[in-house]
Amino acid sequence: MDKPTMFEPYSAAADIEVVPSYFPIPGLGIVPVNAFVLKAAQPVLVDTGLVPLSDEFMEKLTSVIDPVDLRWLWLTHTDQDHIGSLWPVLEAAPKLRIITTYLGVGKMSLCDPLPMDRIYLLNPGQSIDVGDRVLKTVKPPTYDAPETTGLYDPKADAFFSSDCFGAMMSEPADSADGIATEKLRDGMVFWATIDAPWLHTVNRTLFEKNLDRIRQLSPKLILSAHLPVAREMTEELLKNLGSAPEAKPFVGPDQKALEAMLKGITG
Ligand SMILES: [Fe+2]
Ligand SMILES: [Fe+2]
């Protein structure tokens, strides 16, 4: 895969659709970039995919739900791989409001201010009723942006974890259990060292306590923006992430390595 690619939507559960894509990182592998449609009584879109794939994203989104019906966009954070179709979604879904935090609104105001009448601020620990279930805001144990919020859906028993529990992969997969155990562990640890480099400096006891918060929640489904759907794998994923602080810190290719890579590509 040499360019960002949209894949066909698939079901994570009876009321959850995944709108997946993959993003290649030269020399390192591919990263899934997922958005989710939660078909609650008041339907919720979780994130909006990659900027360069916006047209295709809207097409795939429309194949799983009429955007007009969307009532909420849960923006887990404002990175470019999560806001790709933010504006087309706002236009296509006039009743929709964006769930984010004060920092999320602040960061968006640095380039593309969000309309104040379309936002809904929700902090970790707070909840929102979406008609047939109450979604709870949960801070994921790892993240790369301070405004990040995940959410727990008690009805689907699913934790939408934003960047947390992502993995660098070598090829696409339909579900996390389709990835060999060691490959999944190594891919998750590698991703964590890239996405949350501060992990190497954390107090291990406090980090374990943070992982325990998710352990106690014990979701059947972990729905990461950067991992195929993980069903009943919560303990394995927590163990994998728990080993990340001990891993080798990530250092990207330097200029010499980049020139060697380019030479390899162009011959
Ligand atoms: Fe991110
Ligand atoms: Fe991300």
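Each ligand, and each atom within it, is numbered from 1 in the order the structure gives.
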Note to self: For Glu246, is there an ion pair with Arg204 - N to carboxylate O distance below 4.0 angstrom?
What the structure shows: yes
Next item on the list: Taking only Lys NZ, Arg NE, NH1 and NH2, and the carboxylate oxygens of Asp or Glu, determine whether Asp15 and Arg133 approach each other closer than 4.0 Å.
Entry: yes
Check: Just wondering, more than 12 heavy atoms not from Glu91 lying within 6.0 Å of its CD?
Finding: no
Check: So, is the end of the Lys139 side chain (NZ or CZ) under 6.0 Å from the ring centre of Tyr143 and within 45° of the ring's axis?
Finding: yes
Check: Can you list the steps and then say if Thr137 with Gln126 is a side chain to side chain donor-acceptor pair (under 3.5 Å)?
Finding: CA-CA 6 Å; Thr137 317; Gln126 294 184 319; over 6 Å; no
Check: What protein atoms of element N, O or S are positioned under 2.8 Å from the Fe ion (ligand 1)?
Finding: His77 NE2, Asp79 OD2, Asp144 OD1, Asp144 OD2, Asp163 OD2
Notebook entry, point to check: Taking only residues two or more places apart in sequence, or in another chain, which ones meet Asp55 in a side-chain contact (heavy atoms from CB on, under 4.5 Å)?
Noted result: none
